[in-house]
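Sequence lines set the chain letters: A, B, ... in the order given, protein chains first and strands last, and positions in each chain run from 1.
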Amino acid sequence: MATVEEVAECMFKEVEQFSGKKRFKPGDLIKHVQKELGADKDQAKLAIRALTEDGRLVYSYFGGTWLELPYQEGAAKG
Amino acid sequence: MWVNISEEELKERAAVRKKRPSDMGPPHFEQFLPPVIQRNYGQWEWHEFLRPGVIEYRAASGESCYVVRCASPRLVGTTWMESICKVADEFADGYLRFTTRFNIEFNLADKSKIEPLIAKLESMGIPVGGTANSISNITHTQGWVHCHTSASDASGVVKNVMEEMIGEFKGHKLPQRVKVAFACCLNMCGAVHCSDIAILGIHRRPPKVNHSTLTNLCEIPTTVASCPTGAIRPTTVNGKPSVEVVESKCMYCGNCYTTCPSMPIHNAINDGISIWVGGKVANARSKPKFSKLAIPFLPNNPPKWPEVTQAVRKIVDVYASNAKDWERVGDWIDRIGWPKFFELTGFEFTKYHIDDYKLATRTMNMSCHIRF
Amino acid sequence: MWVNISEEELKERAAVRKKRPSDMGPPHFEQFLPPVIQRNYGQWEWHEFLRPGVIEYRAASGESCYVVRCASPRLVGTTWMESICKVADEFADGYLRFTTRFNIEFNLADKSKIEPLIAKLESMGIPVGGTANSISNITHTQGWVHCHTSASDASGVVKNVMEEMIGEFKGHKLPQRVKVAFACCLNMCGAVHCSDIAILGIHRRPPKVNHSTLTNLCEIPTTVASCPTGAIRPTTVNGKPSVEVVESKCMYCGNCYTTCPSMPIHNAINDGISIWVGGKVANARSKPKFSKLAIPFLPNNPPKWPEVTQAVRKIVDVYASNAKDWERVGDWIDRIGWPKFFELTGFEFTKYHIDDYKLATRTMNMSCHIRF
Amino acid sequence: MSDVKTPMLDELSGGQWPSFVDQIKQEAVHTPRYNNDMLKQLEISYSDNRGHWKHGGLVGVTGYGAGIIGRYTDIPNEVPGVAQFHTVRVIPPTGLYYTTEALRFLMGIWNKYGSGLMNLHGTTGDIIFLGTRTNHLELMWDELAAAGWDLGGSGSSNRTPSACLGKSRCDAACIDTMDLIHNITNHVMDELHRPAFPYKFKIKASGCPNDCVAANARSDLAIIGIWKDDIRINAAELKNYFAKHKDPKQGFDMVNHVALMCPSRCIEVDVNAETLNIRNGECVKCMHCINVMPKALHVGEDTGAVILMGAKAPIVEGALMGTVLVPFMKMDKDDDYQDFKDLLEKTWDYWEENGQNRERIGETIQRVGLAYFLQQLELEPNPNQINAPRDNPYIFYDEFFDEEEEAAG
Amino acid sequence: MSDVKTPMLDELSGGQWPSFVDQIKQEAVHTPRYNNDMLKQLEISYSDNRGHWKHGGLVGVTGYGAGIIGRYTDIPNEVPGVAQFHTVRVIPPTGLYYTTEALRFLMGIWNKYGSGLMNLHGTTGDIIFLGTRTNHLELMWDELAAAGWDLGGSGSSNRTPSACLGKSRCDAACIDTMDLIHNITNHVMDELHRPAFPYKFKIKASGCPNDCVAANARSDLAIIGIWKDDIRINAAELKNYFAKHKDPKQGFDMVNHVALMCPSRCIEVDVNAETLNIRNGECVKCMHCINVMPKALHVGEDTGAVILMGAKAPIVEGALMGTVLVPFMKMDKDDDYQDFKDLLEKTWDYWEENGQNRERIGETIQRVGLAYFLQQLELEPNPNQINAPRDNPYIFYDEFFDEEEEAAG
Ligand code: SRM
Ligand code: SRM
Ligand code: SRM
Ligand code: SRM
Ligand code: SF4
Ligand code: SF4
Ligand code: SF4
Ligand code: SF4
Ligand code: SF4
Ligand code: SF4
Ligand code: SF4
Ligand code: SF4
């Protein structure tokens, strides 16, 4: 059984790898770690919590909610 | 930093932030209930309207709670709210309540305070009413005050319509309650899809793509994915990757603009307002109903939006003089029929009124029930 | 050649065939109208039911036309029809008429002939009735007598149901007319989609492909194209081209079998009958309504189909004892609600009753209108 | 009687309702060459719980593409007499009135060329001759045609139109359905006999909204009589109904049976004053009050027809009732029903051009949208065409301001 | 007053209905750093007929994925004060009762960290603080949290649940909506703050079918109070209503206002005998008669809730009202509303697994079919879930006889 830290790392890598090409919903990442690591949903949620509380991933909201690497957004750029 | 906080405090805060409480939910409502309500919670036996804006609730204990309801612009500043708090302190022991339609309520245990309270509110320019067969406050949304996809201003239209309907707010002169709602775009954050009279801001043109800024500000795949109807597709403009919009697929929701600021949906001359009627939520008598299209387009005409105000006035007047007691707008129209509705209001019936979306089949008159 | 025509005549005919008339349409109806009807055509003022099966029509001239209506099995032989013609000659000056529900009508100018005519018909075993608040003849289709896609027999079921309903045919004892229809497959050549009580033969399994004969008898592309839902696709079986059926897409219409005899749709143990209720065509009171599913499956149980007969009896009895005067079955159910319908009939409510087709959204109870 | 053993069918012989089994048995005596095997096959179906027919699409008479439905047994060795057993559809006189002379002629033909079994009538309204052989078709048709009887529709044709008895005998008829349908049937002869449509097309006419020919539910194009002015009231007869109301033995209730059953609630009855008032502007012409009191109430005098389009059975897109295209059209006999024929023409033109294969006109309308369809047929939008306006905001505005122009102007 | 020139807005100042313009102008005096530019931008919108905001998706407070909506002006050079103008959603006390003390605390925070403008309330029911800057968010949140106020939902989260005032003041309440929603709100904290659903999810509870919080139309999961037994009648008060009926001055009509408006026509009134009889088995619990005579008629005593699912605004598949899932569920306080929580759990499990991106639960139900959805949630089919059974014959029979077996057996 993977630890919450490992689950978080797995999620982070997925987001990092596709940054700029694909966006992930929390649900996508949960399904990803379920598939990759056999993590359960509660673990996955704790991992997201750790990632966002540490600011490694940020939530964004565009129609729906996404998890992304922190960046400066277009709307703020003028 | 516009806030007056010292560097020190800032650092201190950052340190404790990790331990900041979270997920504590709302404070328990009990502490905010006026004593007469705490005492009689769940024991109410009947209610009666003493006058427009005032309701008496009688409990099994024999005690009564007197509610005085007054208007609020919903978009309030702390300055004004402070004056409301003062009224609550003076007349209602420091308790007050908001309704699900943004009105303010004072719950009194003491009947003798009703008239002085009303006098006070009126002196402050705050109308009392919105109960029973009135037009209560308008359920509405942000408009140009805060939302990016708005096709019209919410607060401005609401102000004008309520100004026109002030008599209906302050009186019980209609056959039934008339629930009015406003939403500034098809997202319909107001209750527009199920209101007696609904005012809906509409875009009529697809977003305009600003090809020069798009690649800087937005990711192409995300932008393409943002469209719920698949109207956006990648393309190349002047050798640079960009997107284009298939006009026939766009239903003007502005979702692409949410995702990508280079796709503004506003269109000063084509944005405007549509009017819908006959919706309701309550299960009283008929089942809940959706609002149906009455007027497909009225121009945005700030600051007074006279076309909109007049249209609402027309509907209210025709309804008031034709419906039976207790008949909601939608029930009344169902009884007299849509041909009569268009005849009585003088609104034009156009091809736009005929549904052509997924469930359109069920809106067609598949019968010989005809009215001449 | 089973016909007795000489070789000579055959040749002769072939010669003149080129000049055979065509497109002459129906003979003009006027020549078939009884004189009392010719005289008063378009001048009728009112009608009155003198007894079940007998209607008086009064014309402006003061003349009356008396109609006597009797049953017919619709599937008739020339032998029996000759005996009917004799009756028409004897009592109705050689005129007779068929109704849109296969009944036979004699239009009399002379009131005194009514009773002898009825006596004659009854002596021939032909019941008189089918007017007003009765169960008239059943609108039905071919069944095993002539159609290839039938999931049940039409004439057999109809015979059994009418035998059971003979009292309702001969009397005016129901709250309103009850229109019954039968169709042997989803094509619904009867009026099953809009009848008070509808009996529908149903297949429940897709056609079985006879791979060995298919290439001989059918063209693959035509067979594939024959399926209205695209459930058929080309495949290869034992090296030979054939087709396969995607089960989840098949809705058992038998259209493929029409095109290709190697795809029989019959299934002796899974074919059967479903019962539908509450449809109507007339615009009287409510708009025309579709029939709604009451019983998803009853077995084919020839020759008596007792399950079907009993189900119809149940519906008729519950309706007769609960509906108000003038209320059609569908209007009655709409008033008391479907939960009560299932309670009163004792029919089981199942997942099959819940619509999941294109317009299903509009069949869901999107309200708190609930009956306990 | 025939000596074919049919123990199961025999259980349906006799009884109080005329038996189809007896009909076949009688014809098995009369025309055994088909009907002995017909009985045999039917008994087999009753035992093995399935039909035994196969469709045959290739039969017909020279020059026509309609009127014959081919059928073959799937057990020809057991029942060679019905190895071929096709049906012939014959157009009946509009209104289904006959003389015995005419019927006897038809029966004579059928005894000669077919099984002697028939349906009077098919559900579309044709005379159905049930069961003959391919090589008899032309011969039979020679004789029918010579006597002035024509074949009915089938396949992707305009099917045999039908009418309620209308003005011939009914006090409610707003239009002369029989004259109209006779006229229209002759008008569509080519389309009826030489199928060229995307799919079948049915026309039915009822004289009033009671719709005794089920046009609203079973015809692609329904013509249903209606009136525009007020319901006529016969005061004297109305008094009689009030008297009936007051006599409890009569079981007649002017309030519950008339006023409260009016769907638009536009009838006010005062049983004491014996007055009945109808707000005709709200009346939906449903016929109910007229049906209940046929002596006192009558349809108006300014009559015409509602034209509805698109009814059909469920396959494929789900059943449809006809939807109102024209709320009121005069049915002008003197003008040879030209307005209606023009509409028919336009409908066919559009459908032939744009209908997909196996798509009934009702499905075409659903697919392209009613508003668009009306435009193509040059018909005006009218609120009577709908139950209610749209409740979704997906309006395809095709009128808007051109920004360049505005900017310039 | 602020010296920003707003000639158009000024036309909406004053009047009989409280003016939002006056509110902003007052705050422009009080908190000019945001509101002068707020006024300026709004005046621009009024002149050029369009909004000037851009969405910003990235703002939030650490650890939460909800509660903040980002906004930027698209003309930052002209109105730098609102270059950033985000909103903050705060969960209000269930039922929207406040003390002035509590309100003053909130206002104090907002004067310190934001524009001083707010919505009381948003249409979902949150306290909306309107307009602040990114770098103020955490600071403000420190103070709010310390005082026990929490942020509301946004994005693909469980949104802030809301309730009508229910038993706190209403004589019609069948369930204790405020207690229920307070409880549920605490129960969904994680789903509210850390969005992980396919799309938003809203829960609302009304105490009776009058539905004063519009749950039936505006919440993915609606809990609406109802009763199973008979409507209670207070005989003495009923007499008073009959008296009212007989006094023409009162404008009260027991027949027209009560009996004839009952949708199921299950009320019989005899004004002479002064009796009123309700056939409760046919009553659809619509509330109408109780609304008209609140002193004489009362909801029953065997109370619980209807659970409806799937209401939503039109985008994308068209608006939906909630559809009945469970016709009657006991709302058991002592059991901590466990039945309801179990249903919620099952719903989320199914939807998280099977919902498509941006698909509200109502759309999921439409897509998979209600019957199938019920099966997944282990709920029984019940005729109260539908208006009417299917009218199309496309039944997917998944029970049938296996031919091999039959043949063998
Ligand atoms: C205070 C409030 C609930 C709250 O928690 O805030 C409320 C309170 C009451 N409602 Fe309501 N309703 C409130 C919003 C609603 C809504 C929701 C809305 O307005 O968006 C509805 C459904 C709207 C709709 O159908 O479109 C609503 C539909 C009703 C009805 C049903 C009306 C009908 O269609 O017949 C009644 C029954 C009645 O009219 O007697 C009712 C009755 C009542 C009663 C009489 C119930 C009672 O016994 O306490 C309350 C006082 C009535 C009054 O104000 O006239 N209330 N009521 C809401 C006041 C809003 C406002 O400020 O105007
Ligand atoms: C003979 C008749 C039934 C009867 O026993 O009376 C009949 C018999 C057949 N119908 Fe029908 N239909 C008959 C009236 C109807 C009706 C009723 C009506 O016309 O009022 C309908 C429903 C209304 C409608 O048109 O929608 C009807 C809807 C169908 C359908 C489904 C069409 C659809 O769009 O949903 C089919 C399937 C097809 O066309 O492939 C069909 C197909 C057939 C075929 C041709 C089956 C086939 O594909 O070979 C049947 C030939 C049976 C046979 O053995 O002769 N038949 N068919 C009726 C014609 C007799 C006549 O001309 O008077
Ligand atoms: C003879 C016939 C017309 C024809 O051209 O053949 C006919 C004749 C009359 N119909 Fe009909 N209807 C005939 C089929 C129909 C049909 C079609 C059908 O049965 O498939 C309908 C629509 C079916 C439906 O709604 O599902 C039909 C719906 C009506 C109604 C409306 C009933 C209602 O829903 O209230 C009336 C009015 C009434 O009941 O007084 C009516 C009334 C009448 C009257 C009283 C009209 C009149 O004044 O002449 C006629 C005698 C009534 C009777 O038989 O009780 N007729 N009538 C048909 C007899 C069929 C039969 O043998 O039973
Ligand atoms: C603030 C509020 C309107 C208001 O002025 O009160 C609001 C504002 C927005 N809504 Fe809403 N919605 C608000 C209640 C609603 C409601 C009403 C309700 O909850 O009862 C609805 C209709 C009911 C429903 O949920 O279906 C609603 C249906 C939408 C939709 C369409 C959702 C759909 O499935 O059809 C969107 C579009 C989206 O989610 O992308 C949307 C999106 C938005 C966004 C976030 C626009 C966006 O994509 O950025 C708006 C942010 C405006 C801003 O400037 O802050 N908002 N939104 C309401 C929330 C305040 C609160 O928390 O109390
Ligand atoms: S209705 Fe549209 S424009 Fe108005 S607040 Fe909601 S999302 Fe924004
Ligand atoms: S406005 Fe909506 S429908 Fe149109 S392109 Fe943008 S996202 Fe798509
Ligand atoms: S309903 Fe089906 S089986 Fe019966 S006659 Fe029509 S097509 Fe043939
Ligand atoms: S029975 Fe109908 S749906 Fe099924 S495969 Fe054959 S043609 Fe297709
Ligand atoms: S449809 Fe009307 S006109 Fe025709 S027979 Fe029936 S009642 Fe008479
Ligand atoms: S015809 Fe029908 S709608 Fe018109 S008044 Fe009579 S009952 Fe009412
Ligand atoms: S929904 Fe019912 S219980 Fe709640 S406030 Fe309205 S009337 Fe009272
Ligand atoms: S609650 Fe509604 S349905 Fe029930 S008796 Fe009262 S009015 Fe009729």
Side-chain angles (χ1 to χ4, degrees), chain C residues 2-3 13 20-21 23-27 29 32-33 37 41-42 44-47 57 71 73-81 85 88-89 94 96-98 100 144 148 150 155 159 162-163 166 186 188-189 191 193-194 228 253 258 261 266 268 281-285 288 300 302-303 325-326, chain D residues 8 11-12 15-18 20 23 26-27 30 33 45-46 49-51 53-55 91 93-100 107 111 116-117 119-120 123 136 142 145 148 150 167-169 171 178 185-186 189 209-211 213-214 216-217 257 261 263 286-288 294-295 313 315-316 319 321:
Chain C
W2 279 354
V3 185
R13 287 216 195 172
R20 185 170 60 190
D23 294 330
M24 51 288 201
F29 56 83
F32 305 121
L33 298 178
I37 286 187
Y41 196 98
W44 303 101
E45 296 207 321
W46 51 255
H47 66 276
Y57 287 89
R74 186 179 90 123
L75 170 53
V76 293
T78 51
T79 314
W80 188 79
M81 275 311 300
C85 285
D89 288 340
L96 76 171
R97 179 181 182 265
F98 294 83
T100 58
W144 293 335
H148 62 304
S150 50
S155 309
K159 162 76 174 161
M162 287 313 294
E163 201 66 43
I166 195 78
L186 300 205
M188 292 197 189
C189 300
H193 63 306
C194 49
C253 71
T258 305
H266 318 94
V281 178
N283 284 273
R285 297 167 309 282
N300 261 335
D325 286 352
W326 292 97
Chain D
M8 291 191 91
E11 292 195 47
L12 299 181
Q16 298 204 65
W17 184 258
F20 72 104
Q23 299 283 341
Q26 279 168 20
E27 293 316 301
H30 192 246
R33 56 185 185 269
S45 284
Y46 271 58
N49 252 344
R50 49 160 293 197
W53 299 109
K54 294 192 294 186
H55 179 79
I91 310 183
T94 307
L96 311 182
Y97 287 90
Y98 294 88
T99 53
T100 50
M107 285 148 56
N111 283 333
L117 292 177
N119 288 138
L120 286 170
T123 57
H136 293 184
D142 290 340
D150 206 346
K167 285 191 184 287
S168 78
R169 209 182 65 196
D171 40 305
M178 282 168 51
T185 307
N186 282 304
M189 275 295 111
N210 279 329
D211 196 6
V213 76
N216 208 333
H257 295 166
M261 289 225 160
C286 86
M287 292 297 297
H288 173 74
K295 291 186 176 174
I315 290 189
V316 181
M321 302 278 182

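Using a 4.5 Å heavy-atom threshold, the side chains of P288(C) and C194(C) count as separate. Looking at heavy atoms from C-beta onward, F29(C) lies out of side-chain contact with S168(D) at the 4.5 angstrom threshold. Side-chain contact between E27(D) and N111(D) is present, with heavy atoms from C-beta onward closer than 4.5 Å.
Highest contact tally toward chain D, considering only M188(C), M24(C), H193(C), is held by M24(C) [criterion: heavy-atom pairs under 4.5 Å]. Of the listed residues (M287(D), R169(D), M261(D)), the greatest number of heavy-atom pairs within a distance under 4.5 Å of chain C belongs to R169(D). Counting heavy-atom pairs closer than 4.5 Å to chain D, the top residue among A284(C), P303(C), P261(C), G42(C) is P303(C). Contact count against chain D (heavy-atom pairs under 4.5 Å) is highest for P73(C) among P73(C), A282(C), A88(C), C189(C). Interface summary for chain C: among N210(D), L117(D), L12(D), the most heavy-atom pairs under 4.5 angstrom belong to L12(D). In terms of heavy-atom pairs under 4.5 angstrom with chain D, the leader among T78(C), I166(C), V3(C) is T78(C). In terms of heavy-atom pairs under 4.5 Å with chain D, the best-connected choice from P27(C), A191(C), P228(C) is P27(C). Of the listed residues (T99(D), D211(D), I91(D), V213(D)), the one with the most heavy-atom contacts under 4.5 Å to chain C is T99(D). Each of L96(C), L186(C), I37(C) has some count of heavy-atom pairs under 4.5 Å with chain D, and the biggest count is that of L96(C).
Proximity to chain C (any heavy atom under 4.5 Å) is shown, for S45(D), by both the backbone and the side chain. Within the 4.5 angstrom heavy-atom criterion, only side-chain atoms of R20(C), from C-beta onward, approach chain D. Both the backbone and the side chain of L75(C) come within less than 4.5 Å of a heavy atom of chain D. E45(C) touches chain D through its backbone: at least one of N, CA, C or O sits under 4.5 Å from a heavy atom, while the side chain does not. When heavy atoms are compared at a cutoff of 4.5 Å, F98(C) approaches chain D by way of both its backbone and its side chain.
With sequence neighbours left out, N119(D) forms a side-chain hydrogen bond (donor to acceptor under 3.5 Å, both in side chains) with Q142(C). Partners of K54(D) by salt bridge (Lys or Arg N to Asp or Glu O under 4.0 Å), not counting sequence neighbours: none found.
For the pair K167(D) (side chain) and M178(D) (backbone), a donor-acceptor distance under 3.5 Å is absent. The backbone N or O of P294(D) sits nowhere less than 3.5 Å from a side-chain atom of H47(C) that would complete a donor-acceptor pair.
Between Y98(D) and F32(C), the ring planes are tilted. Angles from 30° to 60° get that label. Using a 30° and 60° split on the angle between ring planes, H148(C) and H55(D) fall in the tilted class, from 30° to 60°.
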